[in-house]
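Here the structure is laid out as C-alpha cells; the discussion comes afterwards.
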Amino acid sequence: MKLTILGGGGFRVPLVYGALLGDRAEGRVTHVVLHDVDAGRLRAIARVLAEQAAGVSDAPEVTATTDLDEALRGADFVFSAIRVGGLEGRAHDERVALAEGVLGQETVGAGGIAYGLRTVPVAVDIARRVARLAPDAWVINFTNPAGLVTEAMSRHLGDRVIGICDSPVGLGRRIARVLGARPREAWVDYVGLNHLGWVRGLRVAGRDELPRLLADPSLLGSFEEGRLFGTEWLRSLGSIPNEYLHYYYFNREAVHAYQEAKRTRGAFLRDQQARFYAGVADTAVPALDLWDRTRAEREATYMAENRETAGAGDREEEDLSGGYEDVALALMRAVARDERTTLILNVRNRGTLSPLDAEAVIEVPCLVDASGAHPVSVDPLPGHAIGLVCAVKAVEREVLAAARSGSRETAVKAFALHPLVDSVNVARRLVDGYTAAHPGLAYLG
Ligand code: G6P
Ligand code: MN
C-alpha cells in the first residue's frame, strides 16, 4: 500500500513514520512517498526516517520527490500536511495581528484567517490533482486551519477527504484519566468545529461521568483544561472546552501575553526549526537524536503563554506526546482494512448540527469503516456554542469565497465578521498588512 505525504519534509513526519513502523498487520503501508517543495527539507527528514528504520525488518520503503503529480500517482492514501509560507509566514500572521491588538494565532482569529487565505488556493490545487491522478485515494488532511482546509478540499473530493486533529483525543484522554476511566472504553461526546469544540459528556458503560468531574473542584482543577480555564468557568459552562477556546474566553489576556512575549510561537518555531534543519544537514550529526530533542522542546513550550496567564504551570508528562499520528494511523487502518472504529474527525455535517448546512465541515465523533467516516448524531449545542460555531463558520465561508474570487472586499468581510476582530477598520488594516507581508496573498486584488 502506498502512502504519499505532502509536506514530506515537515518536522512532524517522523511521528507518522514511527507509527507506521509499529504497524505489523496485514495490508500495512509498504511504500511512503515524501513530497515537498523544498529538496533540502526532504533530505533532512529522510535522514531521520532512515535512522528510525535502522534495525526494523520490513520497514516501509521511503522515496522522496519534489514532483507533486509523480507523488500522487498510484497513491492509496495521501496525508496532506503542508505549511504554505512556512514558519516565517506564521510569524507574520502573528505579528501583523498583534500590531493591531488582535490575536494572531495559527488557527484562531485574524492569524487563522490569514493562514487560511493563503493555504486554501494551494489545498484546492492539490485536491484537483488528486481527483485527476489518484481518484480512488483517501486524503487525510492535517493542514491547518484543518476544518477550513478540509472543507475547501471536500468541494473537489467529497467525503474522500477527512480532516484530523489530535486536540479532541488529547482532551478526551485527559478527562478519562482524571475520572479513572480507560480512554478506550470511554465515549467522548465532543462536537463543534476544529479547535472550537466542547466535551459535553463522557460515558463509561452507558453512564455519563462528566457531572462527577464538574461537581468536584479538586478533580476538575487537576488537569490541563481545569487549570487553563479555571474550575469556576468550567462549572458555569457545564462542559469542557477544547484548549483553543482559551483564545476566545480569555482573549484579552491571551493577546496581551502574546504581545509581551519575547518571541511569538511562530517566531520561536521558525528559529528552532531553522537550527534543526541546519543541524541535520551535517551528516556527522545524529539526525534522530536532534529531531527528538527539538520535538521535546516544542511539546514542552506548546501554549506556554496561555498557561502562564492562567497560572497553569507546566504541561504534564503524559500530555507531551501528541497522538496525532495515532489518529491518522487508526483512521487509515479503519478505512483500508474495514476495521470499524469511532474517531473524532473533521467531516461534512450532513444533518448533524442543525444550524449548519450539509456541506459545512464540522468536528464530531464518526463511525469509520471501509466506506469512510460517518458522523454520529449528537445532542444540539447550547446557544452560546451555536453562536460561536455559526459565526466562525460564516467567516470560513468568506475565506473560501475570497480564495475563489480573489476579492479583497470579501477578505475584509472575513476578518471583520470574526468575533475576535473588533472593528471593520481593523479588518481593513489587517488585509493591507497581510497582503504586504505575504507574497502568497498577491491574488487578493
Ligand atoms: C495541537 C493542534 C495542532 C497543532 C499542534 C502544534 O496538536 O491540535 O493543530 O498543529 O498543536 O502546535 P505548535 O504550536 O507546536 O505548532
Ligand atoms: Mn489541531
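Every number for a ligand or one of its atoms is a count from 1 in the order of the listing. One-based numbering along the sequence shown. Side chains included, hydrogens not; waters and symmetry mates left out as well; all remaining heavy atoms used.
When each of Glu316, Glu308, Glu243 is tested with Arg227 by the rule salt bridge (Lys or Arg N to Asp or Glu O under 4.0 Å), just one qualifies, namely Glu316. With Arg265 as reference, Arg90 is the one residue of Glu106, Met303, Arg90, Arg270 to meet the side-chain contact (heavy atoms from CB on, under 4.5 Å) rule.
In this structure the side chain of Leu98 reaches within 4.5 angstrom of the side chain of Val255, judged on heavy atoms. Residues Ile240 and Phe223 meet the side-chain proximity criterion, which asks for heavy atoms closer than 4.5 Å. The side-chain heavy atoms of Glu325 and Asp166, taken from C-beta on, include no pair separated by under 4.5 Å.
For the pair Arg12 and Tyr324, the cation-pi test (distance below 6.0 Å, angle within 45°) is passed.
Distances shorter than 2.8 Å separate the Mn ion (ligand 2) from the protein N/O/S atoms Cys165 SG, His195 NE2.
When the heavy atoms of Val169, Asn144, Thr143 are ranked by distance to atom 3 (C) of ligand 1, first place goes to Asn144. Summarising the contacts of atom 2 (C) of ligand 1 with Tyr324, Phe11, Tyr244, the nearest heavy atom is found in Tyr244.
When hydrogens are left out, the protein atom nearest atom 15 (O) of ligand 1 is Arg265 NH2, 2.8 Å; that is the closest non-hydrogen contact. Residue, atom and distance of the protein heavy atom nearest to atom 5 (C) of ligand 1 are Arg12 NH1, 3.4 Å. Remark: minimum distance from atom 12 (O) of ligand 1 to any protein heavy atom is reached at Tyr302 CE1, 3.5 Å. When hydrogens are left out, the protein atom nearest atom 7 (O) of ligand 1 is Asp166 OD1, 2.6 Å; that is the closest non-hydrogen contact.
Classified by interplanar angle (parallel below 30°, tilted 30° to 60°, perpendicular above 60°), the ring pair Phe11/Phe276 is perpendicular. Ring geometry, Tyr247 versus Tyr244: the interplanar angle falls from 30° to 60°, so the pair is classed tilted.
Residues passing the side-chain hydrogen bond (donor to acceptor under 3.5 Å, both in side chains) test with Thr410, sequence neighbours excluded: Ser407. Taking the salt bridge (charged side-chain N to carboxylate O under 4.0 Å, His left out) definition, one finds that Arg252 meets it with nothing, sequence neighbours left out. Shown here are the side-chain hydrogen bond (donor to acceptor under 3.5 Å, both in side chains) partners of Arg298, two or more places apart in sequence or in another chain: there are none.
Per-residue contacts place Arg298 under 4.0 angstrom from the following atoms of ligand 1 (heavy atoms of the residue considered): 13 (P), 15 (O), 16 (O). Shown in contact with Arg90 at under 4.0 Å from a heavy atom are these atoms of ligand 1, numbered in order with element: 13 (P), 14 (O), 16 (O). Using a 4.0 Å cut-off to heavy atoms of Cys165, the atoms of ligand 1 that qualify are 8 (O).
Within the structure, ligand 1 lacks Glu299 among the residues with a heavy atom less than 4.0 angstrom away.
Counting heavy atoms closer than 4.0 Å to ligand 1, residue Met303 contributes nothing at all.
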